[in-house]
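Notes follow once the structure below has been shown.
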Amino acid sequence: MQNQLFIYNTLSRTKEKFEPINKGMVGLYVCGPTVYSDVHLGNCRTFISFDLIYRYLLHLGFKVRYVRNITDAGHLEGDRDEGEDKFEKKAKLEQLEPMEIVQKYTLGFHDVMREFNTLPPSIEPTATGHICEQIEMIKHIIVNGFAYEVNGTIYFDVEKYNSQYKYGQLTNRQLEDLVAGTRELNGQDEKRGRLDFALWIKAKPEQIMQWLSPWGWGFPGWHIECSAMSSKYLGNTFDIHGGGMDLQATHHTNEIAQSQACNHKTPVKYWMHTNMLTVNGVRMSKSAGNGFLPDQLFSGKHPLLEKGYSPMAVRFFMMQTHYRSTLDFSNEALKASEKAFKKIINGLITIKILTHNEDTASFDEELNSDILRLCSLCYAGMNDDFNSAITIANLFNLLKYINSFHHNILPLASLNKNSFETMKRTYIVFVEDILGLKEEKFFKPNLIDDVLEILLQTYKNAKEIKDYKTVDLIRAKIKEEGIIIKDTKNGVEWAYEE
RNA sequence: GGUCCUGUGGCCGAGCGGCUAGGCUCAGCUCUGCAAAAGCUGCUACAGCGGUUCGAAUCCGCUCGGGACCUCCA
């Protein structure tokens, strides 16, 4: 049951039984961020979705090598070799070195990922750290006849490639249709085919980020980075490659082409794509002006947000929707999830203190089997293409029982030890390890001072009504925490114990 | 224009041929010094019209909405 994992494969457009290439091991590659500005929230959804996938694979006992790159060079404004380099442009704007831009936004990205409680990947390679590998790969592609040089720039020959392989297979498109969708080459273009894309780009003299290659000074194209890094760490063919749906048509299509042109092997067994984020029904994007940053979402400082929502509430919100469905952000939906999340966490605190004392006096067969059924449904949800929505629904069903036991509406003695332990383990493991949710402390900065104030007031009140039992209790307990209470002529004061 | 996805109750969101999804909201009940928490009950949904079937939210066709990619974005 727990091993019957099914994954929707974009390549076949069906759910397939997951069978790793090497038994017990999984190679997972996810396209990471281009660190030229703050992480986009939609980007976060992708990484949170794959964090869930990573966590579940680990839970199933797989040895997972999770590679998520950092794109820190070579990403032009137009994905098809036009426009300025994103880093160079931003560097000019912020009056910094391109690498300062990279450093700044990489750190910011990691902060956000930490706030969302995502596990770090096993390897987080950078594009600039793998220039040699990319050059090597390009050389192979040229030798194999699928790329050509024009004035120091190397282009991938899509038409030639398509004569032997299917270029548009990931998106189920014919080459002719793709060509029809692009504009005609104007006289300035050096490339031969309209769909051809750059593997290596000749640098302008003033450019800061450039490297020496067999074809002169230049920098790598965006797509070759992922191909080079994934094959280096996961091999020529690996299990799962993921990313946002908008990478499917261009980036991932080109990755497949590059890998096959280089070593004649299909690079990936299962392609997984996460869906987009919308705000009040409209796709979140820069041009629509409805894209808020993670920090704005947390603080509530954005015109579209009524209030701030904590990272864990947002994470939970995302997991209530399947990763292949579009997810709509609205204050109403966010508030609903915030409440539901707190309920889940309160349940976590409850189940942790709940214990079974081996008493089965009022054993209820039906109840036991229902609880075991719900536990297995939690697995069934995740096994069905990581359907966390189903898992969460069943966690809520379990939670009802947990609360009923806790409030003695149902006697704990109606469960046997095994059912109880299964319920407890399932709830905790799913909430903490798989969904990656944790309790958040919402304490104000000066909470301690305020609580102390309340305590001292209670102390004073007790003293006035000569309730010395309470007075002594407060004094003794607070002393254990290293604080002594002093009755002075001016009233009650506290001090650190010396 | 091409390639696709999608329309579920007041809101969000699973399900994708027969079995109560779940959460939030609202109304009521139980419990309760007050309040909260928790439990219970109700609000009887599947865009419309045809068709296939013993049986359709689920499959097929048409109509009407919404959206994505092909162009910067995960």
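Values reported hereafter were calculated over all heavy atoms of this structure, with side chains retained and with hydrogens, waters and symmetry mates removed. In what follows, every chain begins at residue 1, and chains take the letters A, B, ... in the order their sequences are listed. Computed from a predicted structure; not experimentally measured.
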Pick the C1' atom in B/C43 and in B/G48, then give their distance to the nearest Å. 25 Å
P atom, B/A74 versus B/G39: distance in rounded Å? 41 Å
Using atom C1' in both nucleotides, what's the gap between B/A14 and B/G22 to the nearest angstrom? 8 Å
Applying a 4.0 Å non-hydrogen cut-off, can you work out what A/Gly42 is touching in the nucleic acid: base, sugar-phosphate, or nothing? base
Kindly determine whether A/His322 and A/Tyr8 satisfy ring-ring contact (aromatic ring centres under 6.0 Å, His included), including the steps that lead there. CA-CA 12 Å; A/His322 186 76; A/Tyr8 181 88; 8.8 Å; no
Under 4.0 Å, heavy atoms only, any strand: does A/Asn394 hit a base, just the sugar-phosphate, or nothing? nothing
Report the nucleotide, chosen from B/A14, B/U20, B/C73, that has the shortest atom-to-atom distance to any side-chain atom of A/Trp222. B/C73
Assert: residue with more 5' nearest nucleotide on RNA chain B, out of A/Thr274 and A/Asp384, is A/Asp384
For A/Phe18 and A/Tyr270, take the angle between the two ring planes, folded into 0 to 90°, and tell me which bin it lands in: parallel under 30, tilted 30 to 60, perpendicular over 60. tilted
Interatomic distance at C1', B/C12 relative to B/C29, whole Å: 27 Å
Could you check A/Phe47 against A/Tyr54 for ring-ring contact (aromatic ring centres under 6.0 Å, His included), going step by step and ending with a plain yes or no? CA-CA 10 Å; A/Phe47 301 138; A/Tyr54 177 43; over 10 Å; no
Considering every strand and a 4.0 Å limit on heavy-atom distances, what is the contact class for A/Ser330: base, sugar-phosphate, or nothing? nothing
Between atom CZ in A/Phe116 and atom P in B/A74, what is the gap in whole Å? 15 Å
note: A/Asn383, atom CG; B/G15, atom P; distance rounded to Å ~ 14 Å
Roughly how many Å apart are B/A37 and B/U30, using the C1' atom of each and rounding to a whole number? 14 Å
Side-chain contact test, heavy atoms from C-beta onward, threshold under 4.5 Å: evaluate it for A/Met423 versus A/His356 and give yes or no. no
Proximity to the side chain of A/Ala393 - top-ranked nucleotide from B/A14, B/G22, B/A74: B/G22
Without swapping roles, check the side chain of A/Ser259 against the backbone of A/Ile256 for a donor-acceptor pair under 3.5 Å. no
A/Asn403 has its side chain closest, among B/G39, B/A74, B/U20, to B/G39
Output the single nucleotide from B/C70, B/U20, B/A37 whose closest atom is nearest the side chain of A/His407. B/A37
Would you measure the distance from the C1' atom in B/C49 across to the matching atom in B/U44 and give it in whole Å? 24 Å
From B/A74, B/U20, B/G13, pick the nucleotide closest to the side chain of A/Leu277? B/A74
Which of B/C73, B/C12, B/A74 is nearest the side chain of A/Thr46? It is B/A74
Within a strict 4.5 Å, meaning less than it, do heavy atoms of the A/Val67 and A/Pro125 side chains meet? yes
Take atom CE of A/Met318 and atom P of B/A74, then tell me their distance rounded to the nearest Å. 14 Å
Under 4.0 Å, counting only non-hydrogen atoms across every strand here, what does A/Asn346 touch: a base, just sugar-phosphate, or nothing? nothing
Anything under 3.5 Å between a protein N or O and an N or O of nucleotides 23-26 of chain B, put it in a table, one pair a line.
from	atom 1	to	atom 2	distance (Å)
B/C24	OP1	A/Lys343	NZ	3.1
B/U25	OP1	A/Lys339	NZ	2.2

Per the atom types in the model, does the base of B/A14 pair as donor or acceptor with the side chain of A/His322 at under 3.5 Å? no
Taking atom C1' in both B/G18 and B/C70, what distance in whole Å separates the two? 41 Å
Of A/Phe156, A/Phe146, A/Trp222, the residue whose pairing with A/Phe197 passes ring-ring contact (aromatic ring centres under 6.0 Å, His included): A/Phe156
The nucleotide from B/A74, B/G13, B/C70 with an atom nearest the side chain of A/Thr321 is B/G13
Can you tell me how the ring of A/His273 sits relative to the ring of A/His252, calling it parallel under 30°, perpendicular over 60° and tilted otherwise? tilted
hbond_proxy A/Arg324 side chain to B/U6 base (donor-acceptor, 3.5 Å cutoff): no
Any idea which of B/G13, B/A74, B/A14 is nearest the A/Ile390 side chain? B/A14
May I ask you to decide if the ring planes of A/Phe316 and A/Phe341 are parallel, tilted or perpendicular, using 30° and 60° as cut-offs? tilted
What's the closest nucleotide to the side chain of A/Lys86 if the choices are B/A38, B/A14, B/C72? B/C72
Would you indicate what A/Ser404 reaches in the nucleic acid, counting non-hydrogen atoms under 4.0 angstrom: base, sugar-phosphate, or nothing? sugar-phosphate
Using the P atoms only, state how far B/C4 lies from B/C19, rounded to an integer number of Å. 32 Å
